[in-house]
Visitor: 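Can you read through this structure? Questions will come right after.
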Amino acid sequence: MARDVGDAAAWSEEAARRVWGGAIPLHVHLHDADVTALPPPPPFLTLGPRIGYLPLLVPIIKAHFSSTLPPGVDTVWFEYKGLPLKWYIPIGVLFDLLCADPERPWNLIVHFRGYPAEILSPCEGEDSVKWSYNNSLKEAAFIVTGNSKNVMNMSQADQAAMWESVRKGDMDSYTNISTRLKLGPFEDDWSVATSSAERQQGSDEPESPGSVRPCRVPVRLYVRRVQEDLEYLDDAIAVSDWESVSYINRPFEIRKEEGRSYITLARALETLLPEFFSSKPAADTQPVETADSPPDNSDTTPRTPRDGDPAPGSQRGADLANNAAEVKLVRVQGIDLENNMDVPFLWMANYLKNPECYLHVCVYVGAGI
C-alpha cells in the first residue's frame with residue numbers, strides 16, 4: 001500500500017512538472033504593415049510556455065525584428081488567423097482553444113502598431129500581466145477560502161518571488177511559496193485516506209480546504225462553438241471573433257453533506273456545464289459566476305481585465321443548449337479527454353491547474369455558427 005501511494009505521488013508530481021515544463025513552438029511573423037526595410041525579416045521561432053503569457057515574450061521577439069520596425073511607441077499585440085489574442089489568457093489555453101487540430105509550430109502574427117483597443121484591454125507589458133495574474137490568484141483564493149486575505153497579506157518579497165517563479169517556470173520555487181497560501185490540495189477518498197494516516201503519525205499541518213469546509217475548486221471554462229456536423233478537428237472553422245467563445249468562471253463545489261468521494265471529470269462537468277453534460281434543465285443550475293461579475297463581498301482588488309468578453313456564460317450557454325449543441329471535444333493542458341471522462345477531477349484540479357490556481361477547461365460544442 002505504501003509503495004502504491006508513493007508511486008501515485010511520484011507520477012502526480014511528474015504530471016505537474018510536465019504542465020510547468022510544457023511549451024508551444026511558436027512561429028512568429030511580423031505584420032506587413034510594421035516592415036520598414038527590405039527584404040522583410042524572417043519569422044522568429046521560439047517556445048511559448050504553456051503557463052506563460054504572450055506579452056512576456058515581447059522582449060526577445062522585438063530584439064529579432066528591431067531592425068525593421070517603424071519609429072514610434074510600441075503597442076504590441078498578437079493575432080491568429082485574423083483574431084486578436086487576449087493577452088491575459090495563458091498561452092497553453094489559447095492554443096488548446098483556438099487550434100482544434102494542434103498546429104505545430106503555431107503560426108502567429110505580431111503587431112507593433114495599431115492596437116485594437118475596441119477588442120483588447122490595454123497591456124503595458126509585464127506589469128499588466130503581473131497585475132492580471134495577482135488578481136486571478138486573489139479570485140481563486142476567494143473561491144477556495146471565502147476571502148483573499150491569505151494572498152493580500154503576502155509579504156512584498158514573497159509576492160515578487162512568486163511572480164518570478166511563474167515568469168521563469170520554476171515549479172519548486174513556486175511551490176515553496178504557494179503552499180503557505182493553503183489553497184490546496186483538494187482531497188478525494190484516496191488522498192483523504194493517505195493524509196489521515198499521515199496525521200495519525202503526528203503531523204501538525206493544517207487540513208486542506210476540502211477537509212474542513214465545502215470544497216470549492218476554481219475552474220475557468222472556455223466554450224467554443226464549432227460546426228454542428230464537424231467530424232474531424234482539422235475541418236473546424238477558425239474562430240473569427242470572441243463572440244463564438246464563452247468565457248466562464250463557475251466554481252465546482254462539493255457540499256459537506258455529500259462527503260468526499262471519487263469525483264470524475266464527467267460528474268464535475270455535469271455540474272459545471274449542465275447545458276451540455278446533463279439531462280437536467282439549465283434553469284435548475286446555480287447562478288453562474290462569470291468573468292464579468294465579481295463574487296459578492298469580495299475583498300479582492302479590481303478584477304482581471306476582460307476587454308469586451310462575450311456575454312455572461314449563463315445566457316450564452318442557454319442559447320447553445322436551446323440549439324441542442326453536442327459536445328465535440330474536452331481539452332485540458334493539451335490533453336483531449338472527451339473519451340476519458342472518468343479521470344479523477346480533483347486530481348486534475350491539483351496537478352493540471354495553472355499557477356494562479358485555476359483549472360482551465362476548453363470545451364468545443366457543435367452549434368450553428
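Atoms considered below: every heavy atom in the structure, side chains included; atoms not considered: hydrogens, waters and symmetry mates. It should be emphasised that the depicted structure is a prediction, and the values quoted were computed from it without experimental measurement.
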Visitor: In terms of heavy-atom contacts, does CZ of Arg180 have more than 12 from other residues, nucleotides or ligands at under 6.0 Å?
Guide: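 Counting neighbours around CZ of Arg180, more than 12 heavy atoms of other residues, nucleotides or ligands fall under 6.0 Å, so yes.
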Visitor: Determine whether Tyr351 and Trp11 fall in the same hydrophobic cluster, where Ile, Leu, Val, Met, Phe, Trp and Tyr are linked whenever their side-chain heavy atoms lie under 4.5 Å apart.
Guide: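 Yes; Trp11 is reachable from Tyr351 via cluster members.
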Visitor: Quick one: does Glu79's side chain have a donor or acceptor within less than 3.5 Å of a partner on Leu108's backbone?
Guide: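 No: the side chain of Glu79 does not pair with the backbone of Leu108.
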Visitor: Looking at side-chain heavy atoms only, is the closest gap between Leu273 and Arg250 below 4.5 Å?
Guide: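 With C-beta onward as the side chain, the pair touches.
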Visitor: Do Met154 and Val166 share a hydrophobic cluster (ILVMFWY, side-chain heavy atoms under 4.5 Å, transitive)?
Guide: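 Linked within one cluster.
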Visitor: Would Val363 and Phe277 count as a side-chain contact (heavy atoms from CB on, under 4.5 Å) here? Give the steps.
Guide: CA-CA 11 Å; Val363 178; Phe277 292 93; 4.2 Å; yes
Visitor: Run the numbers on Val144 and Phe186 for side-chain contact (heavy atoms from CB on, under 4.5 Å), then give the verdict.
Guide: CA-CA 10 Å; Val144 175; Phe186 302 104; 3.9 Å; yes
Visitor: Out of curiosity, Leu181 CG to Leu137 CG, how far, rounded to the nearest 0.5 Å?
Guide: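 Those atoms lie 6.0 Å apart.
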Visitor: Has the side chain of Asp74 got a donor or acceptor atom that lies under 3.5 Å from a matching backbone atom of Val76?
Guide: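 The answer is no, because no donor-acceptor pair under 3.5 Å joins these two groups.
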Visitor: Before we go on, tell me: are the rings of His31 and His29 under 6.0 Å apart, centre to centre?
Guide: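 Judged by ring-centre distance (under 6.0 Å), His31 and His29 do not meet the cut-off.
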Visitor: Can you find a heavy atom in the side chain of Val28 that is under 4.5 Å from one in the side chain of Pro43?
Guide: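 No, side chains not in contact.
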Visitor: Roughly how far apart are Leu359 CG and Leu272 CG, rounded to 0.5 Å?
Guide: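 With rounding to 0.5 Å, CG (Leu359) is 9.0 Å from CG (Leu272).
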Visitor: Taking Leu30's backbone N and O only, do any of them form a donor-acceptor pair with Asp34's side chain (distance below 3.5 Å, no angle check)?
Guide: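 The answer is no, because no donor-acceptor pair under 3.5 Å joins these two groups.
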Visitor: Please name the pair of heavy atoms, one in Asp96 and one in Gly334, separated by the smallest distance, quoted to 0.1 Å.
Guide: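 What the structure gives for the nearest pair is OD2-N, 2.9 Å.
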Visitor: Would the distance check show the side chain of Lys328 and the main-chain N or O of Glu228 forming a donor-acceptor pair, the cut-off being under 3.5 Å?
Guide: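 Present.
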Visitor: Among residues two or more places apart or on two chains, list those pairs meeting salt bridge (Lys or Arg N to Asp or Glu O under 4.0 Å) that have a residue in residues 340-358.
Guide: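 Not a single pair qualifies under salt bridge (Lys or Arg N to Asp or Glu O under 4.0 Å).
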Visitor: Taking His64 for the side chain and Pro42 for the main chain, is one N or O donor matched with an acceptor at less than 3.5 Å?
Guide: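 Between the backbone of Pro42 and the side chain of His64 there is a qualifying donor-acceptor contact (under 3.5 Å).
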Visitor: I'd like to know if the side chain of Arg50 reaches the main chain of Val19, judged simply by a donor and an acceptor atom lying under 3.5 Å from each other, with no hydrogens or angles considered.
Guide: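 Flag not set: sc Arg50 to bb Val19 has no pair under 3.5 Å.
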Visitor: Measure the spacing between CG of Leu94 and CD1 of Ile24 and express it to the nearest 0.5 Å.
Guide: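 With rounding to 0.5 Å, CG (Leu94) is 10.0 Å from CD1 (Ile24).
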Visitor: So how far is it from Leu337 CG to Cys362 SG, rounded to the nearest 0.5 Å?
Guide: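 Between Leu337 CG and Cys362 SG, I get 11.0 Å after rounding to 0.5 Å.
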Visitor: Answer yes or no: is there a donor N or O on one side and an acceptor on the other, between the side chain of Asn354 and the main chain of Cys357, under 3.5 Å?
Guide: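 Checked: no pair found.
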Visitor: Do Leu346 and Met348 have side-chain heavy atoms sitting under 4.5 Å apart?
Guide: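 No, every pair of side-chain atoms sits at 4.5 Å or beyond.
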Visitor: Any carboxylate oxygen within less than 4.0 angstrom of a Lys/Arg side-chain nitrogen, looking at Asp336 and Arg331?
Guide: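 Answer for the salt bridge query: yes.
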Visitor: Would you confirm whether the ring centroid of Tyr247 sits within less than 6.0 angstrom of the ring centroid of Trp242?
Guide: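 Judged by ring-centre distance (under 6.0 Å), Trp242 and Tyr247 do not meet the cut-off.
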Visitor: Got a donor-acceptor contact below 3.5 angstrom from the Tyr133 side chain to the Ser128 backbone?
Guide: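 No, the answer is negative, given that no donor and acceptor are paired below the 3.5 Å cut-off.
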Visitor: Between Trp20 and Ile51, is the side-chain contact (heavy atoms from CB on, under 4.5 Å) condition met? List the steps.
Guide: CA-CA 6 Å; Trp20 276 76; Ile51 64 169; 3.3 Å; yes
Visitor: So Leu47 and Leu26, do their side chains get closer than 4.5 Å, heavy atoms only?
Guide: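 Contact flag for Leu26/Leu47 side chains = no.
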Visitor: With heavy-atom distances below 4.5 Å as the criterion, would you say the side chains of Tyr364 and Val330 are in contact?
Guide: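 Counting from C-beta outward, Tyr364 and Val330 never come under 4.5 Å.
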Visitor: Check for a donor-acceptor pair, side chain of Thr36 on one end and backbone N or O of Thr68 on the other, with a separation under 3.5 Å.
Guide: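 Yes, the answer is positive, given that a donor and an acceptor are paired below the 3.5 Å cut-off.
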Visitor: Hydrophobic clustering (ILVMFWY, side-chain heavy atoms < 4.5 Å, transitive) - are Leu269 and Leu97 grouped together?
Guide: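 In one cluster with Leu97: Leu269, yes.
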Visitor: When you check the gap from the basic side-chain N to the acidic O, do Glu243 and Arg225 get nearer than 4.0 Å?
Guide: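 Judged by the 4.0 Å cut-off on N to carboxylate O distance, Glu243 and Arg225 do not form a salt bridge.
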Visitor: Between Ser121 and Tyr115, what is the shortest heavy-atom contact and its length?
Guide: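 Minimum heavy-atom separation between Ser121 and Tyr115: O-OH, 2.6 Å.
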Visitor: Is it true that Phe95 and Leu45 fall in one hydrophobic cluster, defined by side-chain heavy atoms closer than 4.5 Å?
Guide: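 Not linked; separate clusters.
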Visitor: Do Val223 and Val327 sit in one hydrophobic cluster, given that two such residues count as connected whenever their side-chain heavy atoms are within less than 4.5 Å of each other, even indirectly?
Guide: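 As far as the 4.5 Å side-chain criterion goes, Val327 and Val223 are connected within one cluster.
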Visitor: Going by an N to O cut-off under 4.0 Å, is there a salt bridge joining Glu14 and Arg17?
Guide: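 A salt bridge is absent here (no side-chain N lies under 4.0 Å from a carboxylate O).
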Visitor: Distance check, rounded to the nearest 0.5 Å: Ile143 atom CD1 versus Glu253 atom CD?
Guide: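 Answer rounded to 0.5 Å: 11.0 Å.
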Visitor: Got Glu164 and Ser173 here, is their nearest side-chain heavy-atom distance under 4.5 Å?
Guide: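 No. Closest side-chain heavy atoms not under 4.5 Å.
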Visitor: Would you say the rings of Tyr53 and Trp87 are close, in the sense that their centroids are separated by under 6.0 Å?
Guide: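 Centroid distance Trp87-Tyr53: not below 6.0 Å, so no.
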Visitor: Scan side-chain atoms only and decide if Ser136 and Arg220 contain a donor-acceptor pair under the 3.5 Å cut-off.
Guide: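 Yes, because at least one side-chain N or O of Ser136 sits under 3.5 Å from a partner of the opposite role on Arg220.
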Visitor: Check the pair Leu83, Ile119 against side-chain contact (heavy atoms from CB on, under 4.5 Å), reporting the backbone distance first and the verdict last.
Guide: CA-CA 10 Å; Leu83 179 72; Ile119 300 174; over 6 Å; no
Visitor: A side-chain contact here means heavy atoms from C-beta on lying under 4.5 Å apart; do Leu352 and Trp347 qualify?
Guide: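 Of all side-chain heavy-atom pairs linking Trp347 with Leu352, at least one is under 4.5 Å.
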Visitor: Under a 4.5 Å cut-off applied to non-hydrogen side-chain atoms, are Phe112 and Thr75 in contact?
Guide: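 Answer no - side chains too far apart.
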Visitor: For Glu126 and Trp131, what are the C-alpha separation, side-chain angles and deciding distance, and is it a side-chain hydrogen bond (donor to acceptor under 3.5 Å, both in side chains)?
Guide: CA-CA 9 Å; Glu126 183 177 339; Trp131 181 85; over 6 Å; no
Visitor: With sequence neighbours left out, what residues match Lys81 under salt bridge (charged side-chain N to carboxylate O under 4.0 Å, His left out)?
Guide: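 Listed in chain order: nothing, the list is empty.
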Visitor: On a heavy-atom basis, which atom in Ala349 and which in Val217 lie closest, and how many Å separate them?
Guide: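 So the two residues come closest at CB-CG1, 3.6 Å.
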Visitor: When rounded to the nearest 0.5 angstrom, what is the spacing between CZ in Phe252 and CZ in Arg216?
Guide: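 Answer rounded to 0.5 Å: 11.5 Å.
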Visitor: For Tyr222 and His360, I'd like to know if the aromatic rings sit close, meaning centre-to-centre distance below 6.0 Å.
Guide: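 For Tyr222 and His360, the ring centres are under 6.0 Å apart.
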Visitor: Under a 3.5 Å distance rule, please check whether Thr264 uses its side chain to pair with a backbone N or O of Arg267 as donor and acceptor.
Guide: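 Checking the backbone N and O of Arg267 against the side chain of Thr264, a donor-acceptor pair under 3.5 Å is found.
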Visitor: So which atom in Ile177 and which in Ala161 form the shortest heavy-atom distance, rounded to 0.1 Å?
Guide: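 Closest pair (atom of Ile177, atom of Ala161, distance): CD1-CB, 3.3 Å.
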Visitor: Kindly indicate, with the supporting measurements, whether the criterion side-chain hydrogen bond (donor to acceptor under 3.5 Å, both in side chains) is fulfilled by Tyr80 and Glu103.
Guide: CA-CA 11 Å; Tyr80 176 61; Glu103 175 184 314; 2.8 Å; yes
